[in-house]
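Below, read A as the first sequence line, B as the second, and so on, with proteins coming before strands; counting in each chain starts at 1.
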4 protein chains.
Amino acid sequence: MSLREQKKKETRDRIFETSSRLFKEKGFEGTTVDEITKEAGIAKGTFFNYFPTKESLLSYFREQREEFIINIMQDQMAREIPVREKIENFLIHVAEYYEKDRELLRLLFFEQRRLLMSSGHSLSHGDHRKKKQELFIGMLADLTIEGMQKGEIKSDIDPKLVAQTLHAVYFHSLMTWLHSEDDYSFSKDMSAKIDIIFEGIGV
Amino acid sequence: MSLREQKKKETRDRIFETSSRLFKEKGFEGTTVDEITKEAGIAKGTFFNYFPTKESLLSYFREQREEFIINIMQDQMAREIPVREKIENFLIHVAEYYEKDRELLRLLFFEQRRLLMSSGHSLSHGDHRKKKQELFIGMLADLTIEGMQKGEIKSDIDPKLVAQTLHAVYFHSLMTWLHSEDDYSFSKDMSAKIDIIFEGIGV
Amino acid sequence: MSLREQKKKETRDRIFETSSRLFKEKGFEGTTVDEITKEAGIAKGTFFNYFPTKESLLSYFREQREEFIINIMQDQMAREIPVREKIENFLIHVAEYYEKDRELLRLLFFEQRRLLMSSGHSLSHGDHRKKKQELFIGMLADLTIEGMQKGEIKSDIDPKLVAQTLHAVYFHSLMTWLHSEDDYSFSKDMSAKIDIIFEGIGV
Amino acid sequence: MSLREQKKKETRDRIFETSSRLFKEKGFEGTTVDEITKEAGIAKGTFFNYFPTKESLLSYFREQREEFIINIMQDQMAREIPVREKIENFLIHVAEYYEKDRELLRLLFFEQRRLLMSSGHSLSHGDHRKKKQELFIGMLADLTIEGMQKGEIKSDIDPKLVAQTLHAVYFHSLMTWLHSEDDYSFSKDMSAKIDIIFEGIGV
DNA sequence: GATGAATGAGTTTTCATTCAT
DNA sequence: GATGAATGAAAACTCATTCAT
C-alpha cells in the first residue's frame, strides 16, 4: 500500500536522522540503540525491523554519502571548461559537501576501520575502500589525461601519479580539517595547494 | 636489586610485546586485558601494576614512536646535501620506520581520536596532534626556506604552503598504505610523488 | 497490558523481597547483585532494568519507610486524647512498626552515611536526614505546645527542647535496640523512659 | 633492645596516625593499605608486620578510645561535689573528648557494625558493645543511687531507668551531632537537656 | 625486620539482540 | 508490524594479602 510504504519510509527516515544526530553528538559507541529508539519515538524492537544490526546504520550512511559524491563528480566532468578548473571545481565541490557535516564524517572515517575489523569483514572493507579510492583517483586520472590531450598538463608524467598527487593534497586537507577543532574552510585551504601542484616548486 | 629490576623490566616488556601482538591481530578493543595477561603468563592484577589502564598502553606506544621520529628528523637536518635530498631522505626514513609495523600504526592512527573523545581529553588531544603535525610541517618549512636561500626552491611561494603540500603527499601515501592490504613499499610510492611537487604538472 | 504490568510488578517485587532478605542476612555490601538475581530467578541484566544501580535499592527502602512513618504521625495527631497519650502512642506506633524489621532498619541506619559519603551526595544526605529529623521533632514540638495550651505540660520550658528530649529517649531506645541482639520489645522499653521525662527525677 | 623497641613503636605509631588521618578524610573502605604505607613511608608488607589485617586497625582505635573514656569516668566519680554536677561533668567531659575528633568517631560508629558483620564476629561484637554500654550506664546508675542516698534524686524510681534516660539524652545529642554537618558544641547542647531530666516536664 | 612484585577472586554495570505477546 | 521485558556475555579494574628476596 502507498500509505503503508509511506509510513515505513517515515519510520526508517526518523531512525536514520535520529541516529545521525546522536552519533554526531556522542559517537557511535557512545550512542545506544535504546536512546535512538526513545528519541525516535519507537519501540526498541522496531529498530531491528528496519536495520538488522546497529552497525548496519553505518553502511547506510556510507552508501548515501558515496552516491552523493559520484553525482558531483559526474556533473563536473561533463562541463566545458579548462581541465584545471574542472579538477579544482570537482575537489572544491566535494569539500563543500563535506563541510556541511564535519562531525559525521569524522565518525565515519575513524570508526569504520575498527568496526569492520571486529566483524571480520576486513576483506570486503579493504575491497570497498580500494574501490572507492580508485574511483576517485580514476576520475582525476581521466581528467589529467584529458588535460594532457588538450595540452594543459605536461604529458611526460604518469597520469595516475598526477592523480594520486592531487588526491594527496585533497586528502591531506581533508584529514587536517577533520582532526582540527578550528573553524576554517576546508575547500579554500585546498585550493592554494592545488596551485602548487600545477606550478611546481622547483626553480 | 639488579635481579628484581631485571625481572620487572622483563615483565613490562612481556606485557608490552604481547599487547602489541594482540592489538595488531585483533585491534585494541578486540583485545581484552584478560587475554594479554594469559598470553603473557602473568596474573590479571599484574597488568595493572605496570599500566594503570588498558588505554595507557596506547600512550606508551605513541611516546615511543614520536621519540623515534624526532631523532630521524634531526639526523637528516644536520647533513650536508642538497635540500631536495634532505627532504626526500627525511620523509623516506620516516616511511621506512613505519613500514616495520603497519598494523600497530593503523591502530594508533584510527583508534586515537575515538579513545580520547570518550575520555574528554579532546583539548589536550587536539593540542597534541596539532603540536605534532606542526613540528613535522615546521621542519619541512625550515628545509624549504633553506632551499630557497640556496636557490634550490622557487622563492616566490609561501614556504609553509610548500611544507604543507609536501606533508600532504607524505601523509596521503601513508594513509593509502595504511588502508591498503597490499604489500607494497610506502617509501618508494612517496618518492615519485615528491618529484611531481618539485617539477609541477603544468606545462 | 494488564498481564504484562502484572508480571512486571511481580518481578519488581521479587527483586525487592529477595534483596531485603539477603541484605538482612549478609548486609548490603556482603550481598552481590549476582546473588540477588540468581535467588530471584532472573537474569542479571533484568535487575538493572528495574533498579538503575544496586544502591538505588536502598533509596527505595528508605522511601517506603518514611512514607509509612508520616502516615502514623498524622493518624495520631488527629485523635482526641490527652497529649501525653498522643505522644506515647505516636512513638510507640513507630516503634512497633520498626519492630517488624529490625535487620533491615539496622542496615539502612548504619549503611546510609558511608554510602552517601562515597557518592559525594553528602549535601543532599545531610539535608535529607536533617529534614527528616526536623519533621519528627517538629511534630513532637507541636504536640508539646498543644499540651502546654491544655495545661498538661509545664509552659515555662522551650517546647523545642522538650521535643528534642523526647526524641532523645525514643532515639536512644531505638539505637540500643538496634545494637542489641536480645529479643526484647523496643516499644515497651521506651514507654517507661517517657514517663521519667514527664515526671522528672529531681526531688 | 631499647633502640629496636623504640623504632618499632615509632613505626606502629606512624601507621596508626597516618591511618587515622586518611580514614577521616576518605573513610575506611575508601582508604587503601597502599596509601597508608606510602604516606607512612614504609613498604606495603611492613604494614602487615604490625597489623595482621586492615580491619585490625579499627579494633586498635576502639581500644584506645575506651581506655580514655574509662579514665574520665573514674576521675569524675572520685570528686566531692553534688551528684547532679558529677553526672553533668562526666557527660560533658566525654562530650568534650569526642568533640576533638568528630570524623573518626563517625567512622568508628557507622563502620563498625558492617565490618564485624562481614567477618562473622557478630557475637563478640554484640558482647562488646553491650559490655561497653552497660559499663557506661552502670556508672550513671551508681551515681544515681549515690544521689538517692544523699537525697538529691527521687528514690521511688528504678535507678537503672534513670541512668538509661540520662544515657539516652547523652546518646541522642551525640548521634545528632555526628550526623550533623553544623559546627556547634555537642557538650553544650547536651547540658540543657539533662536539666529537663532533672526537672521533668509535667506540671 | 623490610620490601614490593605478584596474585586472582570478586564486583558492578552495559547493551545489542531476541522473542513472546 | 510494533512492543519492551528479558537476556547474559563481556569487560575493566581493585586491593587485601602473601612470600621470595
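- Taking atom CG of residue B:Leu57 and atom P of nucleotide F:dA12, one finds them 11 Å apart after rounding to whole Å.
- Note on A:Arg4: a side-chain N or O is less than 4.0 Å away from OP1 or OP2 of F:dG1.
- By the 30° and 60° cut-offs, the orientation of the rings of C:Phe16 relative to C:Phe61 is tilted.
- A salt bridge links D:Asp101 and D:Lys24; the closest N-O separation between the charged side-chain nitrogens and carboxylate oxygens is under 4.0 Å.
- A:Thr53 comes within contact range of the sugar-phosphate backbone alone, with a heavy-atom separation under 4.0 Å but no base atom that close.
- Counting to the nearest Å, the C1' atom of F:dT3 and the CD atom of C:Glu5 are 13 Å from each other.
- Look at E:dT21: its Watson-Crick or wobble partner, with both distances under 3.5 angstrom, is F:dA2.
- Nearer to the 5' terminus of DNA chain E, by closest-nucleotide assignment, is the contact made by C:Lys54 (compared with the other of C:Lys54 and A:Lys54).
- Rounded to an integer number of Å, the gap from C:Phe51 CZ to E:dT12 C1' is 16 Å.
- Among the protein residues, B:Lys8 comes within range of the sugar-phosphate backbone only, with heavy atoms under 4.0 Å from sugar or phosphate atoms but none that close to a base.
- Applying the 6.0 Å contact sphere to CD of C:Glu10 captures more than 12 heavy atoms from other residues, nucleotides or ligands.
- Because its NZ or CZ atom is not both nearer than 6.0 Å to the ring centre of A:Phe47 and within 45° of the ring axis, A:Lys54 does not count as a cation-pi partner of that residue.
- Atoms CD (A:Glu29) and P (E:dC15) sit 9 Å apart, rounded to a whole Å.
- With salt bridges taken as basic N to acidic carboxylate O contacts below 4.0 Å, one links D:Arg21 and D:Glu25.
- Nearest-nucleotide positions on DNA chain E place D:Thr11 closer to the 5' end than the other of C:Pro52 and D:Thr11.
- Rounded to a whole Å, the CD1 atom of B:Ile36 is 11 Å from the P atom of F:dA11.
- A cation-pi arrangement is present between D:Arg12 and D:Tyr60 under the rule of less than 6.0 angstrom and at most 45 degrees off the ring axis.
- If you check residues 40-50 of chain C against DNA chain F, the residues with a heavy atom closer than 4.0 Å are C:Ile42, C:Ala43, C:Lys44, C:Gly45, C:Thr46, C:Asn49, C:Tyr50, listed by number.
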